[in-house]
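One structure is given below, encoded as structure tokens.
Only a predicted model underlies this, so the values are computations on that prediction, with no experimental measurement involved. Numbering starts at 1 and runs along the sequence shown.
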Amino acid sequence: MGLMYASTRDEKEKVTASQAILKGLANDGGLFVPTEIPALDIEIETLAGMSYQETAYEVLKRFLTDFTEEELRYCIDSAYDSKFDTEEIAPLVDADGAYYLELFHGSTIAFKDMALSILPYLLTTSAKKNQVKNEIVILTATSGDTGKAALAGFADVPGTKIIVFYPKHGVSPIQEKQMVTQKGANTFVVGINGNFDQAQTGVKQMFADRQLADQMDEAGYQFSSANSINIGRLVPQIVYYVYAYAKLYANGVIARGESVNVAVPTGNFGNILAAFYAKNMGLPIAKLICASNENKVLYDFFATGTYDKNREFVLTSSPSMDILISSNLERLIYRIAGNDAAENAALMKSLNTQGRYEITEQMRDALKDFYGNYTDEKETAEVIRNLYEKTGYVIDTHTAVASGVYHKYRTETGDAETKTVIASTASPFKFTRSVMEAIDGRYDRMSDFELVDELSRIGNVKVPQAIEEIRTAPVIHDTVCEVEEMPSVVKKFLKMQQ
């Protein structure tokens, strides 16, 4: 019997990896988690000599145990190919005393490509393994990056359709242009008059709607998810932390068994949860540094043990982190509750009905490996400017939040010795206006694409193909709806209603 996946809200619901990937969300609204975290029982010297693709196989085979070697290698080789603009897939850059893990070299220049390049292959392989006859409808909400990465991954993939909802006024101009110009007969992009949390809640409600599921089945469809709630998104994210550690060892930066810190700009909690899973596999990670922007619900949670989304929603220069309901945190809550599905379900019910929950002291003790903090807008801009002036290296706003929080961690704890990997989650070209105005206020007079060219000049970095493509691309998707209209918009696209 291979590794199984259980719902965080009902331990009786257990499925295989491929079934968890297909379903996306458990029947009870819970998230699928592995019943145990497999050990990374492979020598660091061996890992150090591996390519990204080889590392991916070693990690994925331990989690996705009902996939054959042939199936996994097909998925990996199809995902991590020439669509990435660097051979190493996730390069490490040493800048001002930290190691920036560049996760933005894929086709949509954000870290979501790392998992969303492989998810379509994992999903279609899972469908074949489970004799699924329905067409799979990927339904997802995005705070800016997941949407485009999922659209690019699933565009024109046979047997699938993809519908992406995004907050109409809550993403950067480049993020929006990337989505609304997406080609592919099976793609559909919808702006909502609301924020990301409302989009995500609307998507979750559609997943939980049994009547809608029956109507979909009758029409020959079934939902799956490309959000990080899908275990097929989460597991591939573990790979790049293992790869980064192995490369630090291979480059002589760390000794065998030496611990490193990991700092992650955090919104929906999937990226830092992947680092937590890597640590639990045996990767020597000391502190998991959870970085928030002014929507600091996670910082407050780590500081107080109370998760409270009842607060003002702030639009910031790091929009992919403008989130008040961090869905993947549920997987961590389940784990620190001793894998107690009933206790976790009660906490999630409290979040749903009262907008808050409080964990026990015993659960708080289990969070000692995490450090939480945040940067405000002024601090984020200062990080970008200071790093550029000191080193010439340009980072985006989300990465700047992580870098700023890492420096706060160093100041607070005095830990300047532990080597630290900072997850660099997006190309600065994706947020050119915020980045360039942080470097010099005079850039506020330039247009978005003038800023792109200027960033290329001052950073001595080639403009990514993803940006060149949208300079003159026509808008294909112009649908905008109210939050309550989301289900009818889905039905209309699927031609289930006129």
Side-chain angles (χ1 to χ4, degrees), residues 3 34 37-65 67 69 72-73 75-81 83-95 97-106 111-115 117-118 233-265 270-289 369 399 402-403 406 415 417-425:
L3 184 64
I37 304 291
L40 188 66
D41 49 357
I42 181 166
E43 292 294 325
I44 184 62
E45 289 81 7
T46 306
L47 278 171
M50 287 185 175
S51 67
Y52 192 88
Q53 293 84 344
E54 290 165 339
T55 308
Y57 176 71
E58 289 301 327
V59 173
L60 265 57
K61 78 175 186 182
R62 287 165 167 77
F63 280 95
L64 311 181
T65 55
F67 284 71
E69 177 175 351
L72 275 183
R73 291 199 185 277
C75 292
I76 290 164
D77 292 343
S78 300
Y80 304 114
D81 58 9
K83 69 175 77 70
F84 286 83
D85 64 17
T86 56
E87 191 179 334
E88 60 264 69
I89 307 295
L92 276 165
V93 174
D94 179 1
Y99 295 86
Y100 289 82
L101 179 61
E102 293 188 343
L103 301 172
F104 52 76
H105 288 280
F111 84 99
K112 307 294 172 75
D113 289 322
M114 302 299 293
S117 293
I118 195 169
R233 266 280 305 275
L234 185 62
V235 171
Q237 291 179 270
I238 299 168
V239 175
Y240 46 73
Y241 294 111
V242 175
Y243 180 75
Y245 186 88
K247 284 295 161 273
L248 288 176
Y249 177 79
N251 296 337
V253 174
I254 56 173
R256 181 188 176 94
E258 183 179 343
S259 291
V260 300
N261 295 327
V262 174
V264 186
N271 204 359
I272 196 163
L273 184 72
F276 175 75
Y277 277 15
K279 177 181 172 72
N280 281 272
M281 289 183 82
L283 198 69
I285 294 175
K287 277 292 179 194
L288 296 150
I289 300 171
D369 291 336
T399 307
S403 182
Y406 164 58
D415 177 15
E417 302 305 312
T418 309
K419 311 290 193 311
T420 297
V421 173
I422 295 176
S424 187
T425 53

Shortest non-hydrogen separation from L234 to G270 and the atoms involved: CD1-O, 3.3 Å
Return the minimal non-hydrogen interatomic distance between L47 and T55, and the atom names on each side. CD2-CG2, 4.4 Å
Distance check, rounded to the nearest 0.5 Å: F84 atom CZ versus S117 atom OG? 4.0 Å
Can you check whether V421 reaches L248 side chain to side chain, under 4.5 Å on heavy atoms? yes
Could you measure the distance from the OG1 atom of T420 to the CG atom of L101? Nearest 0.5 Å is fine. 13.0 Å
Can you name the residues that form a side-chain hydrogen bond (donor to acceptor under 3.5 Å, both in side chains) with Y241, not counting sequence neighbours? N271
On a heavy-atom basis, which atom in L60 and which in P236 lie closest, and how many Å separate them? CD1-CA, 4.1 Å
So, the side chain of Q237 versus the backbone of A115: is there a donor-acceptor pair under 3.5 Å, distance only? no
Nearest 0.5 Å, what's the NZ-CG distance between K279 and L288? 6.0 Å
Testing the 3.5 Å rule here: is there a donor-acceptor pair between the side chains of E258 and Y249? no
When rounded to the nearest 0.5 Å, the distance separating CD1 of I285 from NZ of K287 is 13.0 Å
Beyond-backbone contact of Q53 with R73, side-chain heavy atoms, under 4.5 angstrom: no
Between P284 and G257 the two heavy atoms that sit nearest each other are CB-O, 3.9 Å
Measure the shortest side-chain to side-chain distance between H105 and E87 over non-hydrogen atoms and say whether it is less than 4.5 angstrom. no
Close side-chain approach of V253 to L92, heavy-atom, < 4.5 Å: no
Report yes or no: does K247 contribute a side-chain atom to a donor-acceptor pair with the main-chain N or O of P91 at less than 3.5 Å? no
Describe, in one word, how the ring planes of Y52 and Y80 are oriented to each other, choosing from parallel (under 30°), tilted (30 to 60°) and perpendicular (over 60°). perpendicular
Rounding to 0.5 Å, atoms CD1 (I422) and OG1 (T399) come to a distance of 8.5 Å
Below 4.5 Å, heavy atoms only, C-beta onward: do I89 and Y243 meet side chain to side chain? no
Can any side-chain N or O of T418 pair as donor or acceptor with the backbone N or O of N261 at less than 3.5 Å? no
Only residue of I42, I238, V235 satisfying side-chain contact (heavy atoms from CB on, under 4.5 Å) with R62 is I42
Which atom pair, heavy atoms only, marks the closest approach of A98 to Y406? CB-CE2, 4.1 Å
Give, for atom CD of E58 and atom CD1 of I76, the distance between the pair rounded to the nearest 0.5 Å. 9.0 Å
